[in-house]
Amino acid sequence: MPYSALQAELAARSQQHLYRQRTVIDSPQGAQVLVDGRLLNNFCSNDYLGLAQHPDIIAAAQAGAQRWGVGSGSAALVAGHFGVHDAFEHAAAAFVGKPAALSFCTGYMANLAVITGLLGREDVVFADKLNHASINDACLLSRATFKRYPHNDLAALERLLATTPARRRLIAVDAVFSMDGDTAPLAGLLRLAEQYDAWLYVDDAHGFGVLGDGRGSMAAAGVESPRLIYMATLGKAAGGAGAFVAAEQVVIEYLLNFARPYIYTTAAPPLLSQALLASLALIEQEAWRRERLQQHIATLRGALAGHGLLSSDTPIQPLEVASSAAALQLSAALRERGHWVAAIRPPTVPTPRLRITLSAAHEPLAVAQLAADLRQLLEQAA
Ligand SMILES: *Cc1c(COP(=O)(O)O)cnc(C)c1O
């Protein structure tokens, strides 16, 4: 068998309770989803504001398809950049208070573009140990010296900054850590960036739309600087797909000229930009979504106090468990009770956990029921 080595590796993963499979969903993304003919309360999506199936966004996507067709037909730099792409970039930059923005097909590509575009062999990238996989991949691909510091440890970062010579320095962080739900010390990071003449790159995949009146983690922290290069993804709270990078005009022009993951790919369908303009309007106008989300966070944390929740005030509420097997068992037991909660295991995270995510789309009763069922299961197991 030409693939026996692959089969053996898969079998080993399975034995360690680390085998991965997809779940097929037969409904739109939402607070409840249809799986195997059953409606489950969905606590694993990143649709934090409940916008993924919002009628205004659907209508904008439909109108966008009528106006612009479906395919963009080309890379942005050739013949794939439409008026509505441009309009979205301007709106996104204005919304987060930056001079310019550039849109990307995915957040993963935005991270690759910024880090590989700005850095090369003579440069250094300083990165939090818990950064998203896409930042880590980008750092490796950039060929820059890759210095990782312990999670949120500003003193350790400062030692590295002080002792690592480089042509250019970039500090790269998740603003909200995707598997832990906690936040980066942005004001402190910016201070170090200024002190050591570095750029600060902030990946706000989980803060945009949710924090700082929807404008994201920098607005929430009250920090701004021309050194700051901001990235938000649009497949999470924005309920669409893609990402944008917002920065000084010169940075955007540079990426447009040098960032290969921007240059060598077909532009996203223009209808998506039209949908995202509708999504931006909802993020700006509907503060009640963020308020309702905060209530859900308080409900869950109140009900599960002392039961292993990590410290987090964001919609990402991870609950640490003893082993990958235990994580899978808990996830399966919750599923029997009608709740879908993902078991996240190594190598995605260092220690196994249930990753509970909350959404404004959830009914208060569903959140209370999840907390009650989870508590009962944890107490039984103890
Ligand atoms: C989801 C995520 C990404 C990737 O964004 P996509 O649009 O899904 O490719 C990047 N960074 C972080 C922190 C994320 O959570």
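Note that the numbering runs from 1 along the sequence shown for the chain. In listed order, ligands and their atoms are each counted from 1.
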*Quick one: are L118 and F258 in side-chain contact, heavy atoms under 4.5 Å?*
no
*Please identify which atoms of ligand 1 are closer than 4.0 Å to at least one heavy atom of K236.*
1 (C), 2 (C), 3 (C), 14 (C), 15 (O)
*Do any nitrogen or oxygen atoms of H206 come within less than 3.5 Å of a nitrogen or oxygen of ligand 1?*
yes
*Per-atom contacts of ligand 1 with N111, taking only distances under 4.0 Å to non-hydrogen atoms*: 10 (C), 11 (N)
*Salt bridge or not for E284 and R215, using N-O below 4.0 Å?*
yes
*Taking only Lys NZ, Arg NE, NH1 and NH2, and the carboxylate oxygens of Asp or Glu, determine whether K129 and D153 approach each other closer than 4.0 Å.*
no
_Suppose I only count heavy atoms of A205 and a 4.0 Å limit; which atoms of ligand 1 are within that range?_
2 (C), 11 (N), 12 (C), 13 (C), 14 (C), 15 (O)
*Do R67 and Q274 have a side chain donor and acceptor closer than 3.5 Å?*
no
*What part of M109, side chain, backbone, both or neither, has a heavy atom within less than 4.0 angstrom of ligand 1?*
neither
*For ligand 1, note which part of D203 has a heavy atom under 4.0 Å away: side chain, backbone, both or neither.*
side chain
*Looking at S178, which atoms of ligand 1 are within less than 4.0 Å of one of its heavy atoms?*
15 (O)
*Cation-pi check, R335 to W340: give yes when NZ or CZ is under 6.0 Å from the six-membered ring centre and within 45° of the ring axis, no otherwise.*
yes
_Electrostatic pair D180:R353 at N-O distance under 4.0 angstrom_ = yes
*Heavy-atom contacts with D174 under 4.0 Å: which atoms of ligand 1 show up? List them by number with element.*
13 (C)
*Are S134 and ligand 1 in contact, using a heavy-atom cut-off of under 4.0 Å?*
yes
*Using a heavy-atom cut-off of under 4.0 Å, does the side chain or the backbone of V176 touch ligand 1, or both, or neither?*
neither
*Taking only heavy atoms of Y108, which atoms of ligand 1 are found under 4.0 Å from at least one of them?*
4 (C), 5 (O), 6 (P), 9 (O)
*Using distance alone, decide if ligand 1 has a nitrogen or oxygen within less than 3.5 Å of any nitrogen or oxygen in G107.*
yes
_Test ring-ring contact (aromatic ring centres under 6.0 Å, His included) on F208 and F244; report intermediate values, then the result._
CA-CA 11 Å; F208 181 74; F244 69 90; 5.4 Å; yes
